[in-house]
Amino acid sequence: MTQTTETEIPTSRHAPIVIAGGGLVGMTLAIALAAERLDVVVVEAVPFDITTAPEFDGRVSAISASSVRLFRALGLWDDLAPHAQPINDILVSDGRPGEAPSPMTLHFDPRALNIDGQPVEPLGHLIENRHMRQALIEATQQLPHIKIMAPASVTGIDQGAASVAVMIRDQPPIQAELVIAADGKQSPLRKAAGIRTIGWNYKQSAIVTTVEHEMPHHGMAHELFLPSGPFAILPMVGNRSSIVWTETGDLAPRFMKLPDADFAHELTRRFGAHWGRVAPVGPRWCYPLGLQLARGYVLPRLALIGDAAHAIHPIAGQGFNLGLRDVAALAQVLIEGARLGRDLGDVHLLKTYERWRRADNVTLAAATDGLVRLFSTDLAPVRLMRDMGLGLVAQIAPLKNLFMRHAMGDVGAKPKLLDGLPV
Ligand SMILES: Cc1cc2nc3c(=O)[nH]c(=O)nc-3n(C[C@H](O)[C@H](O)[C@H](O)COP(=O)(O)OP(=O)(O)OC[C@H]3O[C@@H](n4cnc5c(N)ncnc54)[C@H](O)[C@@H]3O)c2cc1C
């Protein structure tokens, strides 16, 4: 007879957990659960050779220090580290295209948090989404408790008392104990379950591209607030930076269609000359921006995570980090629940996850919404006030350090994975 140790979960008592959506959040959750021997089926609509192709997703994600600890705890960091550019400091300033930034700048340097002389973690790392997708796919292939169905689309669910039938297009349904919607902002599963959302469209789009520059960036990220919205310069491995250029919804399509030379000219006017000559390399992508919050994250046998639960403006580079915090909390609730032999679809158990995550997600959504409104206007009094605000925060060390701790993901009660510990 096979013996199980105290911490091993008797998976045979549990029907599988189905995760709808094999994006960054869904795949990370699958790994966290399968590492603790819970059986997971990931259903992803788009084939992986498409989602990992360089032209599929040009984004580079800022990953907070606590997200790095989670990747370490899941054994993913060794594969990600060669692609990760540490963020050593962040410069925030106000400006206009073609002009020097305002002298009122805010400089976040994590060395300021170093009270006891210990080595300081960087503020975060920047990693290309395609490298994260590749590492996640490879990790799932090593875990026998994960089954992947891709391409396959979840079309809805049929709730039963003891299980949920997950409907898959052109395939038989899967009986599961719990289904998790990690199917992104448009979440077909959230809609099928009738969970409503609140939110609004910012009438802005983010143009994303990569540039090469003559001089090294030394790990400095620069957030420049221009009249049409933030223009972020995010350091990548090598003399490269990722650009997240926010434009009004009507102008963004025009910039997207500009011939290469004109696009390079417009980009350089905004980028400035601090790192020498700058040249866009590779494709351009455009993402419409809005805020969307689900009114609830759980129903019996259903939980929402990642963008399916909350999609926010990328101004602070926190959307995926929030998704990873959902992963850490939900994984801990389910793994501990399984150890106690609980029904993983029990709404009382799932509510523990909702209570843990909702306030943090709503707080960050509200903070980013405030920043977007404050920094996406060219009204002279507002510009003056925000310049003074930047100057003031720069002078008040505790306030500045609090902002830095948020950027590093180190505020609030943390699930174990975010401390780099196994569940
Ligand atoms: C311009 C921009 C820059 C950003 N920068 C940052 C940053 O620096 N740092 C950060 O933390 N966050 C950032 N974000 C946010 C981050 O990209 C998202 O929060 C994150 O990608 C959400 O991941 P997800 O897995 O929840 O959703 P998604 O990436 O949308 O994945 C959902 C998956 O579900 C699949 N799917 C959909 N419907 C179905 C179905 N019916 N059946 C099966 N599968 C389905 C989709 O194919 C997809 O693979 C940025 C966002 C934008 C727009």
Side-chain angles (χ1 to χ4, degrees), residues 18-30 41-48 50-52 56-64 66-68 85 87 124-130 132-133 136-137 148-157 166-169 171 179-192 202 204-209 221 223 229-230 232 234-236 242-247 252 284-292 294 304-327 361 364-365 368 407 409:
V18 172
I19 300 179
L24 297 175
V25 172
M27 293 291 266
T28 311
L29 178 66
V41 180
V42 178
V43 185
E44 167 53 45
V46 183
F48 287 144
I50 294 184
T51 60
T52 50
F56 180 75
D57 179 355
R59 285 172 296 182
V60 173
S61 292
I63 303 297
S64 69
S66 65
S67 298
V68 170
Q85 167 61 51
I87 306 171
H125 288 77
L126 282 150
I127 313 181
E128 290 171 64
N129 283 7
R130 66 193 176 103
M132 287 196 282
R133 287 182 202 281
L136 290 166
I137 292 167
I148 303 274
M149 295 172 69
S153 292
V154 171
T155 54
I157 45 174
V166 183
M167 309 300 178
I168 318 276
R169 183 168 297 129
Q171 302 205 33
V179 58
I180 293 164
D183 48 354
K185 190 174 173 183
Q186 300 308 328
S187 181
L189 190 49
R190 183 191 65 225
K191 288 177 189 160
Y202 288 118
Q204 288 181 336
S205 292
I207 300 170
V208 171
T209 194
E223 184 101 66
L234 307 169
M236 297 167 72
S242 172
I243 303 298
V244 184
W245 167 1
T246 311
E247 262 305 332
R284 309 165 201 171
W285 291 265
C286 190
Y287 299 88
L289 303 176
L291 172 82
Q292 182 179 271
L304 311 184
I305 57 167
D307 274 20
H310 43 77
I312 62 172
H313 194 289
I315 190 168
Q318 287 295 332
F320 178 44
N321 290 299
L322 287 184
L324 289 179
R325 291 195 232 170
D326 295 348
V327 165
N361 289 331
L364 216 104
T368 52

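This structure is a prediction, so every number in the text was calculated from the model and none was measured. Every number for a ligand or one of its atoms is a count from 1 in the order of the listing.
In the vicinity of Val25, heavy-atom distances shorter than 4.0 Å reach the ligand 1 atoms 23 (O), 24 (P), 25 (O), 26 (O). Near Ser153, meaning under 4.0 Å from one of its heavy atoms, ligand 1 places the atoms 42 (N). The ligand atoms of ligand 1 that sit less than 4.0 angstrom from a heavy atom of Asn321 are 11 (O). Close contacts of ligand 1 with Val208, meaning ligand atoms under 4.0 Å from a residue heavy atom, involve 1 (C). Near Leu24, with a cut-off below 4.0 Å to any heavy atom, the atoms of ligand 1 are 25 (O). Residue-ligand proximity, Arg59 to ligand 1, at heavy-atom distances under 4.0 Å covers atoms 1 (C), 2 (C), 3 (C), 17 (O), 51 (C), 52 (C), 53 (C). The ligand atoms of ligand 1 that sit less than 4.0 angstrom from a heavy atom of Gly317 are 7 (C), 8 (O), 9 (N), 10 (C), 11 (O). Residue-ligand proximity, Gly306 to ligand 1, at heavy-atom distances under 4.0 Å covers atoms 26 (O).
Only the side chain of Ala206 comes within contact range of ligand 1, with a heavy atom under 4.0 Å; no backbone atom does. Of all the heavy atoms of Val60, the ones lying under 4.0 Å from any atom of ligand 1 belong exclusively to the backbone. At a 4.0 Å heavy-atom cut-off, ligand 1 touches Ala152 through the backbone alone. When non-hydrogen atoms are compared, ligand 1 lies under 4.0 Å from neither the backbone nor the side chain of Gln186. Of all the heavy atoms of Pro188, the ones lying under 4.0 Å from any atom of ligand 1 belong exclusively to the side chain.
In plain terms, the two heavy atoms of Pro151 and Ala45 that are nearest each other are CB-O, 3.2 Å.
By heavy-atom distance, the residue among Ala20, Gly22, Pro314 lying nearest atom 5 (N) of ligand 1 is Pro314. Residue Glu44 holds the heavy atom nearest to atom 47 (O) of ligand 1 of all those in Gln318, Met132, Glu44. Closest to atom 8 (O) of ligand 1 by heavy atom, among Ala62, Ala316, Gly319, Ser205, is Ala62.
Summary of contacts: the protein heavy atom closest to atom 40 (C) of ligand 1 is Val154 N, 3.8 Å. Closest protein heavy atom to atom 43 (C) of ligand 1: Val43 O, 3.3 Å. For atom 31 (O) of ligand 1, the nearest protein heavy atom (residue, atom name, distance) is Gly23 CA, 3.8 Å. Counting only heavy atoms of the protein, atom 26 (O) of ligand 1 lies nearest to Asp307 N, 3.0 Å. Atom 12 (N) of ligand 1 has Phe320 N, 2.9 Å as its closest protein atom, hydrogens excluded (heavy atom only). Taking atom 27 (O) of ligand 1 as the reference point, the nearest protein heavy-atom neighbour is Gly184 CA, 3.7 Å. The protein heavy atom nearest to atom 36 (N) of ligand 1 is Asp183 CB, 3.9 Å. The nearest protein atom to atom 44 (N) of ligand 1, hydrogens excluded, is given as Ala45 N, 3.2 Å; this is a heavy-atom distance.
With rounding to the nearest 0.5 Å, the separation of CE in Met167 from OG in Ser153 is 14.5 Å. Note that CZ of Phe320 is 8.5 Å distant from CD1 of Ile127, once rounded to the nearest 0.5 Å. One distance of note links CD1 of Ile63 with CG of Leu24; it measures 8.0 Å at 0.5 Å rounding. Taking CD1 of Ile312 as the reference point, atom NZ of Lys185 lies at 11.0 Å (rounded to 0.5 Å). Atom CD1 of Ile315 sits about 5.5 Å away from atom CD of Glu223, to the nearest 0.5 Å. Put simply, CD on Gln204 and OG1 on Thr246 are 5.5 Å apart, with the number rounded to the nearest 0.5 Å.
Val43 is listed as a side-chain neighbour of Ile168, based on a closest heavy-atom distance under 4.5 Å. By the 4.5 Å heavy-atom criterion applied to side chains, Met236 and Leu126 are not counted as neighbours. In this structure, Asp183 and Val154 have side chains that are not in contact, with every pair of non-hydrogen atoms separated by 4.5 Å or more. Between Arg59 and Met132 the shortest side-chain heavy-atom distance does not fall below 4.5 Å. With contacts defined as side-chain heavy-atom distances shorter than 4.5 Å, the pair Thr28/Leu324 qualifies. Ile148 has its side chain out of reach of Glu44: every pair of non-hydrogen atoms, C-beta onward, lies at least 4.5 Å apart. Between Val166 and Leu189 there is no side-chain heavy-atom pair separated by less than 4.5 Å. At a threshold of 4.5 Å between non-hydrogen side-chain atoms, the residues Glu128 and Val60 count as touching.
Ligand 1 lies nowhere less than 4.0 angstrom from a heavy atom belonging to Ser187. Using 4.0 Å as the threshold, Ala182 has a heavy atom nearer than that to some atom of ligand 1.
For atom 29 (O) of ligand 1, the nearest protein heavy atom lies 4.0 Å away or farther.
The backbone N or O of Asn129 sits nowhere less than 3.5 Å from a side-chain atom of Asp57 that would complete a donor-acceptor pair.
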